[in-house]
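A short write-up of the structure that comes next.
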Amino acid sequence: AEEADINGDGVIESVVIDSNGDGSFDTFLTDTDGDGYLDLNAIDSDNDGAMDLFVMESDSNGDGILDTVVSAHDYNQDGSIDSETVYNDSNGDGIFDTVVKQNDSDYDGDMDTFKTYVDENTDGTPDTVIKETFEDTDGDGKNDTYTVRVSEDGDNDFEIVEMYDFDEDTGSFELIDYSAGSVASGL
């Protein structure tokens, strides 16, 4: 491992590591906000020379408890993030009560699937799950349908489904289908 005090203040801002001893650095740790904690990690998880896993941690209120953790992956190593997960502790109790996952399922550079887990009572189990998808239903290469699925009890059995037609030219949405109750659970 090699350490660097980039600004000369006596605090290490960057560390590079050759974790497998092959002579190439494959892990980079950086203190992005100058607080003395290495909070941004870039990792070459498959040792091919390209960084493909990124993790960032943040204690935004300075109480010593992480408020936000972000992990991102570039699975096909094209320079675009293919998936990202954000963990957030909104009330500072040390429990991540909101988790948002987003994916670029077709690797076109646009996130098209989003899933949000909300633990309102902070018992460690999601109370609400929301899944959103953008889809190209007419095959023209542009996402034209936006679907929202809601599980009000967190069991991934979606009780509410809304489907919208998305006009990419105007950026507007038009509701084209709505289902609630047991009908929606099969969608």
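Residue numbers run from 1 in the order of the sequence given.
Each of Val118 and Tyr87 belongs to its own hydrophobic cluster when Ile, Leu, Val, Met, Phe, Trp and Tyr are linked at side-chain heavy-atom distances under 4.5 angstrom. Val129 and Val99 fall within a single hydrophobic cluster, where Ile, Leu, Val, Met, Phe, Trp and Tyr side chains are chained together by heavy-atom contacts under 4.5 Å. Transitive grouping of hydrophobic side chains (ILVMFWY, heavy atoms separated by less than 4.5 Å) brings Phe134 and Ile81 into a common cluster. Note: the hydrophobic cluster containing Leu53 does not contain Val100 (ILVMFWY, side chain heavy atoms under 4.5 Å, direct or indirect links). Residues Met111 and Ile130 share a hydrophobic cluster, clusters being chains of Ile/Leu/Val/Met/Phe/Trp/Tyr side chains in contact below 4.5 Å.
Aromatic pair Phe166/Phe173: centroids less than 6.0 angstrom apart.
Side-chain contact check for Glu162 and Tyr164: at least one donor-acceptor pair (N or O, by modelled atom type) lies under 3.5 Å. Between the side chains of Asp153 and Ser151, at least one donor N or O sits under 3.5 Å from an acceptor N or O. Defined by atom type and a distance below 3.5 Å, a donor-acceptor pair is present between the side-chain atoms of Thr137 and Thr145. Checking Asp167 against Ser172 by side-chain atom types alone, no donor-acceptor pair falls below 3.5 Å. Judged purely by distance below 3.5 Å, without hydrogens or angles, the side chains of Asn88 and Thr68 pair a donor atom with an acceptor atom. Looking at Glu135 and Asn143, their side chains never bring a donor and an acceptor atom within 3.5 Å of each other. In this model, no donor atom of one side chain and acceptor atom of the other lie less than 3.5 Å apart for Ser60 and Ser58.
Checking side-chain atoms of Asp177 against main-chain N and O of Met163 turns up no donor-acceptor pair under 3.5 Å. Between the side chain of Asp119 and the backbone N or O of Gly124 there is at least one donor-acceptor pair closer than 3.5 Å. The closest donor-acceptor contact from the side chain of Glu159 to the backbone of Glu152 lies under 3.5 Å.
Between Met56 and Phe54, every side-chain heavy-atom pair lies at or beyond the 4.5 Å cut-off. Proximity of Val161 to Val148: side-chain heavy atoms (C-beta onward) are nowhere separated by under 4.5 Å. Contact annotation: the side chain of Asp89 never approaches that of Leu66 to less than 4.5 Å [non-hydrogen atoms, C-beta and beyond]. Side-chain contact between Lys131 and Thr113: present, with at least one pair of heavy atoms (C-beta onward) separated by less than 4.5 Å.
Smallest separation of non-hydrogen atoms from Ile95 and Thr122: CD1-O, 3.5 Å. Nearest heavy atoms, Tyr178 versus Ile160: CE1-CG2, 3.8 Å. The two residues Ser83 and Asn103 make their nearest non-hydrogen contact at CB-OD1, 3.0 Å. The nearest pair of heavy atoms linking Asp67 to Phe96 is O-CE2, 4.0 Å.
For the side chain to side chain donor-acceptor pair (under 3.5 Å) test with Ser105, the passing option among Asp110, Asp112, Asp82 is Asp112; the others fail.
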Worksheet item: Can you check side chain to side chain contact (heavy atoms under 4.5 Å, CB included) on Asp46 and Asp52, steps first, answer last?
Response: CA-CA 8 Å; Asp46 56 7; Asp52 50 22; 3.1 Å; yes
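Enclosure of atom NZ in Lys101 is not indicated, since only 12 or fewer non-hydrogen atoms of other residues, nucleotides or ligands lie within 6.0 angstrom.
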